[in-house]
Number of protein chains: 2
Amino acid sequence: MSIRPHQIAGKNAEKTKAHNRRVVLGYLQGRDAGRAEIARASGLSTQTVSNLMAELEAENLVQPAGRRPSARGQPPLVYHFNAKGAAVLGFEVRPDALTMVVTDIGGTPIVTQHERLAQTSPETVLAQMAQMAGAARETPDYPRILGAGLVIPGPFGVEGLSAAGATTLPGWDPLRIPALAEAALGLPVHLDKDATAAALAEGMFGAAQGLSSYAFLYFGSGLGLGVIIQGHPLRGAFGNAGELGHVVIEPGGLPCDCGNLGCLEQYVSRLSVQRHLIARGLLPADTRGTDATIARLLDVDDNALSDWVDQAAKALSRAIGMLENLFDPQSIILGGALPDGLLDLLIARLTLPLGSVSRREGRSQPRVVRGTSGRLTAALGAAALVIHYTVTPRLDAHPMEQPNAFN
Amino acid sequence: MSIRPHQIAGKNAEKTKAHNRRVVLGYLQGRDAGRAEIARASGLSTQTVSNLMAELEAENLVQPAGRRPSARGQPPLVYHFNAKGAAVLGFEVRPDALTMVVTDIGGTPIVTQHERLAQTSPETVLAQMAQMAGAARETPDYPRILGAGLVIPGPFGVEGLSAAGATTLPGWDPLRIPALAEAALGLPVHLDKDATAAALAEGMFGAAQGLSSYAFLYFGSGLGLGVIIQGHPLRGAFGNAGELGHVVIEPGGLPCDCGNLGCLEQYVSRLSVQRHLIARGLLPADTRGTDATIARLLDVDDNALSDWVDQAAKALSRAIGMLENLFDPQSIILGGALPDGLLDLLIARLTLPLGSVSRREGRSQPRVVRGTSGRLTAALGAAALVIHYTVTPRLDAHPMEQPNAFN
DNA sequence: AGCCTTAACTCAAAACATTTGAATAAAGTA
DNA sequence: TACTTTATTCAAATGTTTTGAGTTAAGGCT
């Protein structure tokens, strides 16, 4: 998370090599390819690519996958990104619970662990994380662990904006935490907020594969937004970009704890459906069984739920138009803690605004898609953070801010 | 303008040097500094910085400015960014006119030229540009010209979204134009839309100096938005990010040509004041003398104008809350073709929403500021584009997409 | 004053990574 | 079979940065 005053670092030969490594790995993450092809795509010489590939193969991050027949000349020896070549740790910290997932660098979960949190002070939680990580690492034959991703609820350093039910974690200063976590875990640590991490995961393994610019609407307790611009997460000056839930979508509408009237979150969020269903006696006040209830109501085409969807779709359509005009993404993805069926219905009922830069001839992507994320979204997103920084050539921020397994 | 499918380039020694050059120049653009200081800030060795400085001095881009007394040890020889060391060309193409400004790399205009356009086909206009540029270059003792910036009205590749009065220029495909312009001018060319270019200019020479993440609301014929994130312009997948004018801010409100109801542009734009004043008989229907009229009405504290400001401030406050929550900028800047007095009044009447990530303790920047731009904003922005790419280390896009004087 | 410490800077050699050019390998084509 | 095309490797050359040993210039201390 680079939210310090912008500082720019110089480059030397080693940094250049690390960059080129990531270029090659990133290319291979997208598709199998021979060395000559990678050289052409990257502008590097074939010799350089050869050298890098030899290293990557020695580290088991890529594997040769036979020769691919081609029109003429010597057929290239294609290489394959080896998803099982290394592992990463993903942690999701919430006010009441800590989730860890270990995935390979293809994003496939290997181990999942969930623990309740009694205290949320950074010291306690980091100690607990270190313990979980230690246990996971003791498994024999474990592939190399490249780093840990850490997802905490945002926004950072702002009072009175958190979603009802969730609270910003006290003491979790995003500037200090990564260094502390690195010390505690003995691994490079990348920190971000849930929606951004989930967006990266969706881009690597989910519905946004192959896209480089997209926005991900993340249904958590509130409504978050992760924006990826040309492969890079958008964070803003203080790490709080994408606070979509508190954008006013219905001026003078429903009041929100934050002080605004008509926040999007009041119309489009898990809490919003729950409130709607509770008010109509369709869900117990403690919200237990929300997903099952929604599934049932969807099945019987329930009117109350349908009403909610109509309202939500209206607000969401407006929000999507706004996002399209502001970010000009290739596509917008909806995912997170809402049943797939409900998301699909929501998308089907959208009436997207006419005045949008996304209404262009010859679109190859739909304007709105449902994500493929499940319950683990945020923790997987944390893991995806690490893979992202392993595989994606960095911007030009100061090295202190973005440590990485390949430095 | 890099709006092709995202492709990532490898780096070699020369690219590394170009990068480091920009790091050094960028640092010096912000403040005078000695070589040791630059080395510390950039992470480069003093030797490398020394070498680069020698080159930059030989090219007259930096100048030594005496020794700065320090606590102990040999006092550093501070270097100064030499604003007069080179020049850049800025072109603004509008459907009816072509403006060229030649500035030094400090952004000070040297020559300004304005011509009406009979035809807007790229060929005709590029020829005209080449002629203007040629004339400007014949002046003797002219500093080296680093490149040309080109600003054209957006959005690109979208029908029915342009501001009333302005039209997207037919045939001006942002993917093809830079190459054509480079051929015509014999200079590296950078192209972008007006609001983004103006935002860069504001960051380099205006109210956003020292900021790295900010949003610039540009009053042209409509309302544009330029977003700078950690020093880099945000463009989106197709170059159309920041189409703020057509964001719906008043659902069900005033109809817009684009098909939406309640576009921000209907409430907050030069056209909107003009319409308001014409309807009240305060301005002739041909809008001549708009600025003088507004100045006069401001002076006498006119009620009709005040009413407009109230309405506009209401819509704008909402829009600003939205931008804050989505982009999390250090500050938001208002500028462009609206009299300073009116902008100041607009800002004074804002009631910024409570639910915003920008409401943080210990802000050092105001949330909203008036820009320092004048009539030439867009053309100066075009010039700023070139300076930006000369001085700011690049992201990792493919080199084909961003030619530059230092390649 | 003279000597020490600190900091900026320079010079020449070494290190690092990429590129270049020639050579080899493997396939289709005439 | 000879030729063309494409992929790959080897060894030498290139470009840039870093390193380590000085040199210069200032303040502080005795």
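Computed over heavy atoms, backbone and side chain alike; hydrogens, waters and symmetry mates excluded. Convention: sequence-line order gives letters A, B, ...; per-chain numbering from 1.
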Tell me: [atom1] of [X] to [atom2] of [N], nearest whole Å?
X     : N      : atom1 : atom2 : value
B:K15 : C:dA17 : NZ    : P     : 17 Å
B:R68 : C:dA7  : CZ    : P     : 15 Å
A:K17 : C:dT19 : NZ    : P     : 13 Å
B:H19 : D:dT16 : NE2   : C1'   : 14 Å
B:E14 : C:dT18 : CD    : C1'   : 9 Å
B:K11 : C:dC16 : NZ    : C1'   : 17 Å
A:N12 : C:dT18 : CG    : P     : 11 Å
B:N51 : C:dC9  : CG    : P     : 13 Å

Item to check | Protein-to-nucleotide contact annotation, 5' to 3' order, nucleotides 2-10 of chain D [B base; S sugar-phosphate only; - none; under 4.0 Å, heavy atom] | outcome: --BBBBBBB

Checklist entry - Considering only side-chain heavy atoms of A:S45, which listed nucleotide, D:dT17, C:dA17, C:dT20, is closest? => result C:dT20

Checklist entry - Applying the side chain to side chain contact (heavy atoms under 4.5 Å, CB included) test to A:N82, which of A:D104, A:N60, A:L61 qualifies? => result A:N60

Checklist entry - For the side chain to side chain contact (heavy atoms under 4.5 Å, CB included) test, which of A:V62, A:T392, A:L52, A:I105 pairs with A:L25? => result A:V62

Item to check | Intermediate values then yes/no, salt bridge (charged side-chain N to carboxylate O under 4.0 Å, His left out), A:R31 and A:E37 | outcome: CA-CA 11 Å; A:R31 80 233 79 179; A:E37 176 186 339; 5.3 Å; no

Checklist entry - Are the side chain of B:Q330 and the backbone N or O of B:S213 linked by a donor-acceptor pair below 3.5 Å? => result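 Yes; at least one donor-acceptor contact below 3.5 Å.
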
Item to check | Sidechain-backbone polar pair: B:Y214 side chain, B:G203 backbone, donor-acceptor under 3.5 Å | outcome: yes

Checklist entry - Would you call the rings of A:Y389 and A:H190 parallel, tilted or perpendicular if under 30° counts as parallel and over 60° as perpendicular? => result parallel

